[in-house]
> 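Sharing a structure here in structure tokens format.
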Amino acid sequence: MQGNGFKIFLTVFFFAITGYYLYPSVQSYFIAQDKSELVGEELATYEQENLTKIRNAQEKALKLGLDLQGGMHVTLEVRVEAMISELATDVDDLFTEVLAVASQQASETDNPIIDLFVTEFESRDASARLSRYFRNEEAGITRRSSNADVAAYLRLESDEAVDRAISIIRDRVDRYGVTEPSIQKQGTRRVIVELPGIDDPDRIRGLLRGTARLEFHLMIDPAENVRSLQRIIAYYDTGVDSTATGDDSVAEADTTLDINDLLDSEELTSGNELLDVMQPLGQGVMFGQVLESDTTAANTLLSNPVIAEMLPRGVSLMYTSSPVGTTADGEEVYALLGVRDDIELTGDVITDARVDFDQRTNVPEVTMVMNSEGSRTWARLTGANVGNNIAIVLDGVVYSYPNVLGRISGGRSNITNLKSQAEAQDIVTVLKSGALPAPVEIVQESTVGASLGQASIDAGLKSVMFGLALVALFMIFYYRTGGSIADIALILNLIFILGILAGFGATLTLPGIAGIVLTIGMAVDANVLIFERVREEQSTGKTLKASMEGGYAKALSAIFDANITTFFVGVILYSFGLGPIQGFAVTLMAGILSSMFTAIIFTRILMDYMVVEKKLTVSFG
């Protein structure tokens with residue numbers, strides 16, 4: 001083996017590196033086999049005792065794509081129209097109507113909503129200026145700004161909002177612990193998210209959609225709450241607002257019904273349309289309670305403009321995030337609370353958030369720490385509202401509404417009444433990631449089950465094995481001993497491909513398996529070129545050793561030319577392609593590199609060993 005020392009060193013080195021990166025994948029496989037044989041307490045004990053080993057194996061194992069291990073594919077759309085509405089400093093009926101038309105057109109045509117908004121606005125009145133609605137001196141938008149200037153400002157804000165949304169979504173997904181997620185921008189306002197291995201789709205939906213708009217609000221005065229509730233109940237009894245007709249002698253409704261009356265009854269049959277779907281309370285800041293199945297009907301009744309006029313000015317009704325009770329048949333009941341619209345403090349002042357547990361009940365809660373400005377505001381707010389409730393609202397839902405017992409200094413507050421530790425962790429995740437600049441909606445969603453993923457893996461393995469067997473048989477049949485050596489190199493080539501993917505943290509997808517199958521056919525091309533050159537050299541009467549040296553030397557340039565051009569194609573596919581195209585390109589490039597090494601280096605080592613060291617006769621067909 002004289003003269004092949006460096007080649008042997010490279011082969012051993014790369015084989016060792018490949019083994020190092022593939023070991024976690026093999027370990028993960030055997031762990032899965034062990035877990036499949038355990039159930040119940042035995043499985044829980046095994047996972048607890050081997051927690052570190054299992055996590056390390058999962059983190060370092062070869063990653064499988066969404067199409068192989070199952071998961072979620074979600075298309076999110078950033079609601080740019082909501083951002084435009086928030087940027088507007090003055091809104092009238094014309095603005096609202098134009099924005100609604102532009103939003104509808106955008107959903108039908110997928111054109112940029114800002115262009116549609118400006119076009120629709122100018123079609124109503126060509127001389128009208130958008131600057132009447134938008135002001136931002138820092139961005140140079142004043143009353144004298146042209147429509148083109150305002151449009152450019154809105155486009156910039158829109159692009160930044162989408163890019164910011166992608167960044168926040170990626171941060172949330174990373175904190176959740178998804179391995180190898182794919183998050184990409186599509187068009188002007190959509191984001192494509194692929195999450196392999198997800199087993200809790202509902203939790204992911206909430207994590208992706210949550211805007212993380214944390215707000216602190218004061219709450220309704222209890223006396224006002226009772227009066228409003230009485231008026232609204234009376235309205236649905238008679239269809240007339242008693243105060244509007246001057247009748248102040250409204251009979252007091254029973255506003256202190258016990259929740260057990262609702263829990264023990266299957267259906268309310270009061271004849272009052274509102275009372276059929278809501279249990280009235282009027283206790284403190286609690287307006288009423290609604291069954292989960294009745295929330296849509298209750299929302300429809302309470303969104304009536306006439307009803308809105310009966311509520312105290314600047315007060316809205318919000319649901320609690322967690323149920324306050326459960327019916328006899330297991331249906332959850334949520335409370336409606338009176339919350340003042342004015343925002344006293346926002347989540348921008350939160351500098352840290354973490355999951356804690358109540359020392360008395362061991363129930364999870366979220367502890368938040370504010371900056372100096374937030375601490376001063378929080379101290380002033382709590383000091384001025386001793387004895388009152390303050391609502392902590394996240395994304396339009398009341399998570400807690402503690403009664404202030406005294407002035408709170410130090411800038412700490414808690415979100416309580418959480419369902420589980422997972423919910424607490426999700427709140428911490430969205431708070432730490434930051435608030436989305438605009439709401440997002442899930443416009444398309446598909447879930448790939450684990451069984452479908454396993455079916456893809458099985459089909460991919462069958463195709464690889466079939467392709468490998470077919471190529472191997474052809475090489476043995478046509479090139480005899482040389483073909484057998486090429487087959488050994490082919491198997492090593494597959495091991496190297498998987499090692500490269502694992503080492504670089506790449507994800508193996510179904511198109512990636514297609515790339516491997518293609519590589520199997522291409523991998524023997526180099527050996528075919530070499531063997532044909534060796535045959536040509538032998539036909540001139542040269543010895544086997546001289547023919548081998550001449551064959552490898554003369555085939556080298558053709559091998560490099562063919563593989564380098566194909567490798568560049570893989571680079572282009574990876575650079576400009578998305579999703580499946582990138583998966584195919586990754587395995588194609590890895591296959592080209594490993595096949596060149598095994599064909600030129602590894603087979604030459606075996607040939608020299610057999611011909612030079614062992615003086616064997618090698619047939620090339």
Side-chain angles (χ1 to χ4, degrees), residues 7 11 14-15 18-19 22 26 62 68 455-501 508-539 544 547-548 550-552 554-556 558-560 562-563 566-567 570 584 587-611 613-614 616-621:
K7 294 177 184 178
T11 302
F14 285 130
F15 192 80
T18 299
L22 286 181
V26 177
L62 179 64
L68 293 183
S456 298
I457 293 176
D458 294 341
L461 288 176
K462 288 179 181 177
S463 63
V464 171
M465 297 307 296
F466 180 77
L468 181 63
L470 194 62
V471 171
L473 290 174
F474 172 79
M475 292 297 292
I476 294 174
F477 174 77
Y478 196 80
Y479 290 106
R480 309 298 180 183
T481 311
S484 300
I485 293 173
D487 289 343
I488 297 174
L490 188 58
I491 295 173
L492 184 63
N493 177 40
L494 288 177
I495 297 174
F496 280 167
I497 291 174
L498 297 178
I500 292 172
L501 295 177
L508 180 62
T509 62
L510 198 57
I513 293 179
I516 293 177
V517 175
L518 177 62
T519 301
I520 290 174
M522 296 175 58
V524 294
D525 283 354
N527 289 119
V528 169
L529 290 173
I530 293 171
F531 295 163
E532 290 297 329
R533 283 289 187 178
V534 172
R535 283 170 137 185
E536 291 178 3
E537 295 294 314
Q538 285 183 314
S539 66
L544 179 58
S547 297
M548 283 172 42
Y552 274 92
K554 294 180 178 180
L556 198 60
I559 293 172
F560 270 106
N563 284 277
T566 307
F567 184 84
F584 175 81
T587 52
L588 179 63
M589 290 187 291
I592 289 171
L593 293 176
S594 61
S595 65
M596 287 181 64
F597 177 84
T598 55
I600 298 173
I601 305 296
F602 181 71
T603 59
R604 182 62 185 271
I605 294 174
L606 292 182
M607 292 286 188
D608 286 348
Y609 175 76
M610 296 175 69
V611 174
E613 295 290 327
K614 296 297 183 179
L616 299 176
T617 301
V618 176
S619 171
F620 293 96

> Nearest 0.5 Å please: distance from the CZ atom of Phe496 over to the OG1 atom of Thr11.
6.5 Å

> Output the distance between atom CE (Met607) and atom OH (Tyr552), rounded to the nearest 0.5 Å.
4.5 Å

> Looking at CD1 of Ile497 and CG of Leu492, how far apart are the two atoms once the value is rounded to the nearest 0.5 Å?
10.0 Å

> From the options Ile485, Thr598, Asp608, Ile488, select the one residue that forms a side-chain contact (heavy atoms from CB on, under 4.5 Å) with Thr603.
Ile485

> Taking only residues at least two apart or on different chains, which pairs with a member in residues 464-475 satisfy side-chain hydrogen bond (donor to acceptor under 3.5 Å, both in side chains)?
none

> Atom CG of Leu490 and atom CZ of Phe602: how far apart are they, to the nearest 0.5 Å?
11.5 Å

> Please tell me if the side chains of Lys554 and Glu537 come closer than 4.5 Å, counting only heavy atoms from C-beta onward.
yes

> Is any side-chain heavy atom of Val528 closer than 4.5 Å to one of Met475?
yes

> Nearest heavy-atom pair of Leu22 and Ile495: which atoms, and what distance?
CD1-O, 3.8 Å

> Closest heavy-atom contact between Ala486 and Phe531?
CB-CE1, 4.1 Å

> Between Thr587 and Ile513, is there a side-chain heavy-atom distance shorter than 4.5 Å?
no

> Between Val471 and Asp487, what is the shortest heavy-atom contact and its length?
O-OD1, 4.3 Å

> Checking Ser595 against Asn493: is there a side-chain donor and acceptor pair closer than 3.5 Å?
no

> Who are the ring-ring contact (aromatic ring centres under 6.0 Å, His included) partners of Phe466, not counting sequence neighbours?
none

> Between Gly570 and Leu588, what is the shortest heavy-atom contact and its length?
CA-CD2, 4.3 Å

> CD1 of Ile530 to CD1 of Ile600: how many Å apart, nearest 0.5 Å?
6.0 Å

> CZ/Arg535 to OG/Ser547 distance, rounded to the nearest 0.5 angstrom?
12.5 Å

